[in-house]
Amino acid sequence: MKRFALFGVLAGLAFGLCACGDEGGSVQPIDDSSSSLSSTVESATSSAVISETSSAVSSATSSSENSSSIAESASSSETPADTTKISYALKAFKGPFTNPHKGFCVTIEGTWAFSEEWEYAPTGSKNNKAWDVVSHGCGYQRWNKLNPAKGVYDWTDFEKLLNAHAEHGLGYGLRVFPYASPMGRKNKYTVESDYDWTPSYVYEAGAKKDYAKMTDGGVEYTLAVPRWDDPIYIQAAKDFAAALAAKYDGDPRLEYIDIRAFGNWGEWHIAHFDGSQMPSDSVQIDMLEYYASMFKKTLLVLPSDGKGEPFARAMELGIAKRDDGLIGTPWREDSLAIAYKAGLPTIGENISTYEIMLTYDNVIPGGYLKWTVDRWKEVVYKSHMTYYVLDQDNNAGYQFYLDNKEDADSISKVLGYNFSISKAELVTVTRGANAPGGADETSHTLNITVKNTGLAPCFFDVYMVAEFVDSDGNVLEQLGKTIHIPKGTFKDEDIKEFSFTNKIAGGVADVTAQPGVSVALSIYESEEAYKAGKNPTVKFDNDGIMENNKLLLKAK
């Protein structure tokens, strides 16, 4: 009896499950027999297994017969077991590349940034190609605007901002400022409410202020600054954190939230101020622990100058690290490297705008390092960066990307994780009832080798799916089971081998007998999204990505 068969072998038909140096969990196959995307065959059984290494995988040698058509038949009457193999052509995706929960950011504080009337917007007249490498926006919001009175919260404008980002396929990194230095404003009588964004009700309840001196442009200011360890201030900051968590913890529109409770710009420092003091380490740690107790899902971030014992405690709590002094100041990337080694994402922003940094004179101390491509790459690679603000300017990185497109496109791939398939082969074995030791069945096995070519682990769970699809990309049947890869276990430079297998009993229809059948691979952020028939959000860094973000494999 003839059956239609396909496919090729990578390094064997089945791999044993092993964990080679992974921390934080193992890779587990998920039973996906109820998936609405699979055409379930009652007599068929499926399996999926994985083996992995953290360095190079030895090349497997085997003789293989490649076929460009799935509908190639083999007769079990002629040989005890017929094997048909297909190898797939794989190339890296060319051009800019974005994926969720990693990559470049632009600073955005309002919905106006998406209006076509703004020339640097995604649809603006400048045709700003920087948006091609941007995965999320980030920016500040004023505490007193979100929380105008005790127990009163106004999320109206912030909701509009989050929705505008979501409509453009972007996440948002939130920074809520209690205070913003009026540097650059040459009026010594600057209105206090222009820079002190702590809600007035906090002071009305008795929170104290300190009066600090600041000199800017030869003008000396006297500024009212919150007393950062005042118990009334501390409680108000915690109350706001609790309300923020109740509203937004786990909201998929939010990429991360900075803990901006203390200091100038909420950056955990009082630079430029003479007469203001940061709270003690114990007060700082208490605030970190409170935020961590409130936010169970959304990533939290410790701002630039959180250091010492508070920084150590933040890492224990799983709080990521940011630094906003990069490029210009030597060694600022070192603290980010510490966070990376602790298994946490790192977030970077330059000390000033690109155009200003080009004017720096490289005189240290007393000055700043000039922006160069080499210095930029040094910072990105040394800190194993997951997120990076493309530019601090107010034109969404337009000039920076115009000048540095090729390098920015390249770095867009290495920021955070980056999954690239280096090998993919499919093997079909048809075994007749009279075959030695064998049942009358056909098995289809897809073997793939995937490398994380990025600079950091994948810091969220992913679910890998293989499917048989027709010539139009429509799903015919799931191949094997869904494979679950827990967050943090697919690290940078890791190479993993995955195997997906279907077994079909004799006499049962085989979808691969249809003309034009191929294989598509997908990565989902949840098993539920796959079962609901949604498109995947994570893409492989390979040529052949379809509009639905699935990778269509093409035979050599």
Side-chain angles (χ1 to χ4, degrees), residues 19-30 48 50-55 57 92-93 97-105 135-136 171 173 250 252 254-256 297-301 315 318-321 336-337 339-348 380-381 383-388 411-422 448-466 482-498 521-530 535-542 545 549-551:
C20 301
D22 276 350
E23 299 172 0
S26 60
V27 180
Q28 299 292 337
I30 303 294
I50 172 178
S51 69
E52 55 195 78
T53 63
S54 356
S55 55
V57 174
F93 181 84
F97 196 73
T98 61
N99 257 326
H101 315 309
K102 57 161 280 181
F104 286 121
C105 167
S135 65
H136 65 293
L254 276 173
E255 195 61 41
Y256 48 78
K297 300 175 182 177
T298 299
L299 178 67
L300 295 173
V301 180
M315 288 190 292
I319 297 172
K321 186 68 171 68
L336 296 181
Y340 159 77
K341 290 177 182 177
L344 295 168
T346 58
I347 302 172
V380 169
Y381 279 82
S383 59
H384 289 261
M385 200 75 71
T386 293
Y387 301 96
Y388 205 109
I411 289 179
S412 72
K413 295 190 176 187
V414 300
L415 288 173
Y417 66 90
N418 193 60
F419 299 137
S420 179
I421 301 177
S422 58
I448 63 174
T449 300
V450 185
K451 182 177 181 179
N452 180 358
T453 59
L455 291 172
C458 181
F459 289 111
F460 58 101
D461 289 3
V462 294
Y463 298 79
M464 195 174 299
V465 175
T482 304
I483 293 178
H484 173 212
I485 306 173
K487 63 181 180 181
T489 62
F490 205 153
K491 300 178 180 179
D492 41 305
E493 297 303 315
D494 272 3
I495 298 172
K496 297 179 184 285
E497 294 180 344
F498 301 90
L521 287 165
S522 309
I523 304 177
Y524 288 84
E525 293 185 54
S526 72
E527 186 186 8
E528 291 73 23
Y530 169 63
N535 292 333
T537 52
V538 182
K539 304 185 294 291
F540 287 102
D541 182 14
N542 289 93
I545 299 295
N549 286 340
K550 296 182 180 183
L551 173 63

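Count residues from 1 along the sequence.
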Do Ser383 side-chain atoms and Ala337 backbone N/O form a donor-acceptor pair below 3.5 Å?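 No, the answer is negative, given that no donor and acceptor are paired below the 3.5 Å cut-off.
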Would you check if the side chain of Asn418 reaches a backbone N or O of Asn452 as a donor-acceptor pair within less than 3.5 Å?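 No, because the side chain of Asn418 does not come within donor-acceptor range (under 3.5 Å) of the backbone of Asn452.
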Can you confirm whether [X] sits close enough to [Y] that some side-chain heavy atom of one is under 4.5 Å from a side-chain heavy atom of the other?
X: Phe419; Y: Lys496; result: no
X: Ser412; Y: Phe104; result: yes
X: Asn549; Y: Pro536; result: yes
X: Val465; Y: Lys550; result: no
X: Leu551; Y: Ser522; result: no
X: Ile319; Y: Leu344; result: no
X: Leu299; Y: Pro345; result: yes
X: Val414; Y: Tyr381; result: yes

Under 6.0 Å between ring centres, would you say that holds for His136 and Tyr256?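 Yes, they do, as the ring centres are separated by less than 6.0 Å.
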Which residue, Thr386, Asp492, Thr346, forms the side-chain hydrogen bond (donor to acceptor under 3.5 Å, both in side chains) with Tyr340?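 Considering Thr386, Asp492, Thr346, a side-chain hydrogen bond (donor to acceptor under 3.5 Å, both in side chains) with Tyr340 is found only for Asp492.
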Measure the spacing between [atom1] of [X] and [atom2] of [Y] and express it to the nearest 0.5 Å.
X: Ser135; Y: Glu255; atom1: OG; atom2: CD; answer: 6.5 Å
X: Phe540; Y: Ile448; atom1: CZ; atom2: CD1; answer: 5.5 Å
X: Met464; Y: Leu521; atom1: CE; atom2: CG; answer: 7.5 Å

What pair of heavy atoms forms the shortest contact from Met315 to Ala342, and how long is it?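 So the minimum-distance heavy-atom pair works out to SD-CB, 3.7 Å.
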Can you name the nearest heavy-atom pair linking Asn99 to Val538, along with the distance?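 Heavy atoms of Asn99 and Val538 come nearest at OD1-CA, 3.4 Å.
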Ring pair (Phe, Tyr, Trp, His ring centres under 6.0 Å) with Tyr417: which of Phe490, Tyr387, Phe460, Phe97?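 When ring pair (Phe, Tyr, Trp, His ring centres under 6.0 Å) is applied between Tyr417 and each of Phe490, Tyr387, Phe460, Phe97, only Phe460 qualifies.
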Go through the structure and list residues passing salt bridge (Lys or Arg N to Asp or Glu O under 4.0 Å) with Lys451, not counting sequence neighbours.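 With neighbours one apart ignored, the set is Glu493.
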The criterion is salt bridge (Lys or Arg N to Asp or Glu O under 4.0 Å); which residues satisfy it with Lys413, sequence neighbours excluded?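 Testing Lys413 for salt bridge (Lys or Arg N to Asp or Glu O under 4.0 Å), a comparison that skips the adjacent residues, returns Asp541.
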For Lys539 and Thr98, what are the C-alpha separation, side-chain angles and deciding distance, and is it a side-chain contact (heavy atoms from CB on, under 4.5 Å)? CA-CA 8 Å; Lys539 304 185 294 291; Thr98 61; 4.1 Å; yes
Which one of Ile347, Leu336, Val301 satisfies the side chain to side chain contact (heavy atoms under 4.5 Å, CB included) criterion with Lys321?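 By the side chain to side chain contact (heavy atoms under 4.5 Å, CB included) criterion, Lys321 pairs with just one of Ile347, Leu336, Val301: Leu336.
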Going by atom types alone, do Thr482 and Glu527 pair a side-chain donor with an acceptor below 3.5 Å?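 Not at all, the side chains of Thr482 and Glu527 share no donor-acceptor pair under 3.5 Å.
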